[in-house]
*Asks:* 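This is the structure, below, for whatever I ask next.
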Amino acid sequence: MTEDRIKLEASWKQALREEFDKPYMKALREFLQAEKAAGKEIYPPGPLIFNALNSTPLDRVKVVIIGQDPYHGPGQAHGLCFSVQPGVQTPPSLVNIYKELKRDLNIDIPAHGYLQSWADQGVLLLNTSLTVERGNAGSHAAKGWQPFTDRVIEVVSEHQPKLVFLLWGSHAQSKQRLIDPTKHLVLRSPHPSPLSAHRGFIGNGHFSRCNQFLAQNGMSPIDWRLPAL
């Protein structure tokens, strides 16, 4: 995971170049190597760890959705927050995201949980930890990913003139300190998890408000409909 060896989209590689030389990133590399050497399964697969950045170049980011951990079940995680690989059952939080899309924009609930088309349109689907051990939620949260993804949030806030940040739940909202509120629209609500979705996530209107802001600032809105697989 040295800066020269990882496969990272050019604009992000340039913006984040200094991070790869910092001690925390060296420690994170060594931790991941030791975990793999110990026979632990790490998700997502290595080539997909930076999928959020590779799918959505810095210059094309319009919307940022902040998640926490990759999914820790086999075959689920592919580097985009809330998204699962094709053929995998839609997780409960994403089911609630779909319910709000239906309520807010009358978008039919899709039969899959693969959000790649959102990323391709400029939605940065960023988890704050980019790896996790199988079956062990939060296992890599304190291992060095937080300073890296904090820097990603700072960079995109500094670089882009008008963005929408969707901060769902207390963990995502803790990142608001990294965002310039004079430039960007920051929308907050409870998390879409089944534990909290009905305390204000359902009914938040974030998707229509997001597209309204983009249109007002001369950008094409996001087509939140997902193509059939």
Side-chain angles (χ1 to χ4, degrees), residues 6-9 12 41-58 60-135 137 140 145 149 152 156 163-169 171-172 187 189 191-194 197 201-202 204 206-208 210-211 214 220-229:
I6 63 160
K7 180 174 174 280
L8 189 59
E9 189 276 329
W12 285 113
E41 273 190 75
I42 307 298
Y43 300 138
L48 295 175
I49 289 173
F50 295 101
N51 193 26
L53 304 181
N54 289 331
S55 294
T56 313
L58 179 55
R60 294 192 54 226
V61 178
K62 298 179 185 178
V63 181
V64 181
I65 299 178
I66 298 175
Q68 193 158 355
D69 244 9
Y71 295 117
H72 53 80
Q76 291 181 297
H78 67 112
L80 304 181
C81 73
F82 294 106
S83 180
V84 288
Q85 302 204 54
V88 176
Q89 183 176 357
T90 305
S93 292
L94 185 51
V95 169
N96 286 326
I97 290 171
Y98 289 166
K99 287 178 181 175
E100 175 55 18
L101 272 169
K102 175 67 173 171
R103 190 208 63 80
D104 188 17
L105 293 173
N106 198 31
I107 287 173
D108 289 337
I109 292 176
H112 63 85
Y114 186 58
L115 305 182
Q116 186 69 45
S117 76
W118 293 0
D120 294 341
Q121 294 179 73
V123 182
L124 180 63
L125 295 167
L126 182 71
N127 279 315
T128 57
S129 295
L130 298 190
T131 57
V132 71
E133 181 188 342
R134 175 176 178 163
H140 294 183
W145 282 124
T149 53
V152 169
V156 77
L163 295 174
V164 182
F165 287 84
L166 303 181
L167 306 184
W168 299 333
H171 178 75
L187 299 177
S189 84
H191 195 275
S193 134
F201 178 81
I202 303 294
N204 67 19
H206 281 187
F207 299 102
S208 57
C210 170
N211 278 352
L214 294 176
S220 55
I222 304 300
D223 184 355
W224 297 103
R225 296 171 300 175
L226 291 168
L229 295 179

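FYI, the numbering just counts along the sequence from 1.
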*Asks:* Among residues at least two apart in sequence or on other chains, which ones pass side chain to side chain contact (heavy atoms under 4.5 Å, CB included) with Thr149?
*Replies:*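 Partners of Thr149 under the side chain to side chain contact (heavy atoms under 4.5 Å, CB included) test: Leu126, Thr128, Leu130.
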
*Asks:* Would you compute the distance between atom CG of Leu125 and atom CG of Leu80 and round it to the nearest 0.5 angstrom?
*Replies:* 5.5 Å

*Asks:* Nearest 0.5 angstrom please: Asn51 CG to Thr56 OG1, how far?
*Replies:*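 Interatomic distance, Asn51 CG to Thr56 OG1, rounded to 0.5 Å: 8.5 Å.
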
*Asks:* Specify the closest pair of heavy atoms between Ile66 and Ala172, including all atoms of both residues, with the distance to one decimal.
*Replies:* O-CB, 3.7 Å

*Asks:* Decide side-chain hydrogen bond (donor to acceptor under 3.5 Å, both in side chains) for Thr131 and His140; before the verdict, give the C-alpha distance in whole Å, the side-chain angles of both, and the deciding distance to 0.1 Å.
*Replies:* CA-CA 6 Å; Thr131 57; His140 294 183; 2.7 Å; yes

*Asks:* Leu187 and side chain to side chain contact (heavy atoms under 4.5 Å, CB included): which single residue from Leu167, Val63, Val164 fits?
*Replies:* Val164

*Asks:* Kindly give the heavy-atom pair with the smallest separation between Ala197 and Asn96, and that separation in Å.
*Replies:*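 Result for this residue pair: CB-ND2, 3.5 Å.
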
*Asks:* I'd like to know if the side chain of Lys7 reaches the main chain of Asn54, judged simply by a donor and an acceptor atom lying under 3.5 Å from each other, with no hydrogens or angles considered.
*Replies:* no

*Asks:* Apply side chain to side chain donor-acceptor pair (under 3.5 Å) to Gln116 and list each qualifying residue two or more places apart in sequence or on a separate chain.
*Replies:* Ser55, Asp120

*Asks:* Looking only at non-hydrogen atoms, find the nearest pair between Thr90 and Tyr98 and report the distance.
*Replies:* CG2-CE1, 3.8 Å

*Asks:* So, using side chain to side chain contact (heavy atoms under 4.5 Å, CB included) as the criterion, who are the partners of Asp104 when residues are at least two apart?
*Replies:* Glu100, Phe207, Ser208

*Asks:* Distance check, rounded to the nearest 0.5 Å: Cys81 atom SG versus Asn127 atom CG?
*Replies:* 5.0 Å

*Asks:* Does any part of the side chain of Leu94, heavy atoms only, come nearer than 4.5 Å to the side chain of Ser83, both counted from C-beta?
*Replies:*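 With C-beta onward as the side chain, the pair stays apart.
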
*Asks:* Going by the rule side chain to side chain donor-acceptor pair (under 3.5 Å), which residues pair with Glu9 if we only count those two or more places apart in sequence or in a different chain?
*Replies:* Ser11

*Asks:* Check side chain to side chain donor-acceptor pair (under 3.5 Å) between Ser189 and all other residues, then give those that pass, not counting sequence neighbours.
*Replies:* Asn204

*Asks:* Return yes if some donor-acceptor pair links the side-chain N/O of Ser117 with the main-chain N/O of Leu226 below 3.5 Å, else return no.
*Replies:*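 No.
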
*Asks:* So Trp145 and Ile49, do their side chains get closer than 4.5 Å, heavy atoms only?
*Replies:* yes

*Asks:* Got a sec, which residues hit side chain to side chain donor-acceptor pair (under 3.5 Å) with Lys102, two or more places apart in sequence or on another chain?
*Replies:*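 Applying side chain to side chain donor-acceptor pair (under 3.5 Å) to Lys102 gives Asn106, Asp108.
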
*Asks:* Closest heavy-atom contact between Pro86 and Leu229?
*Replies:*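 The pair with the smallest heavy-atom distance is CB-CD1, 3.7 Å.
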
*Asks:* Calculate, to the nearest 0.5 Å, the distance between atoms CD1 and CG belonging to Ile65 and Leu115 respectively.
*Replies:*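 Spacing of CD1 (Ile65) from CG (Leu115) equals 8.0 Å.
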
*Asks:* Hey, are the side chains of Leu53 and Leu124 touching, using non-hydrogen atoms and a 4.5 Å cut-off?
*Replies:* yes

*Asks:* Do any pairs count as a salt bridge (charged side-chain N to carboxylate O under 4.0 Å, His left out) and have a residue in residues 64-88, sequence neighbours left out, and if so which ones?
*Replies:* none

*Asks:* In chain order, what residues pass the ring pair (Phe, Tyr, Trp, His ring centres under 6.0 Å) check against Tyr71, with sequence neighbours excluded?
*Replies:*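 Tyr71 satisfies ring pair (Phe, Tyr, Trp, His ring centres under 6.0 Å) with no residue once adjacent residues are dropped.
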
*Asks:* Look only at the side chain of Gln121 and the backbone of Asp223, and say whether a donor-acceptor pair between them is shorter than 3.5 Å.
*Replies:* yes

*Asks:* Applying side chain to side chain contact (heavy atoms under 4.5 Å, CB included), can you list everything that pairs with Pro74, at least two apart in sequence or on another chain?
*Replies:* Tyr43, Arg134

*Asks:* Could you name each residue pair satisfying ring-ring contact (aromatic ring centres under 6.0 Å, His included) that touches residues 107-131, not counting sequence neighbours?
*Replies:* His78-Tyr114, Trp118-Trp224

*Asks:* Tell me, please, which residues at least two apart from His191 pass side chain to side chain contact (heavy atoms under 4.5 Å, CB included).
*Replies:* Phe82, Ser93, Ser193, Ser196

*Asks:* Could you check if a side-chain atom of Val156 sits within less than 4.5 angstrom of a side-chain atom of Leu58, using non-hydrogen atoms only?
*Replies:*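 Val156 vs Leu58: side chains touch.
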
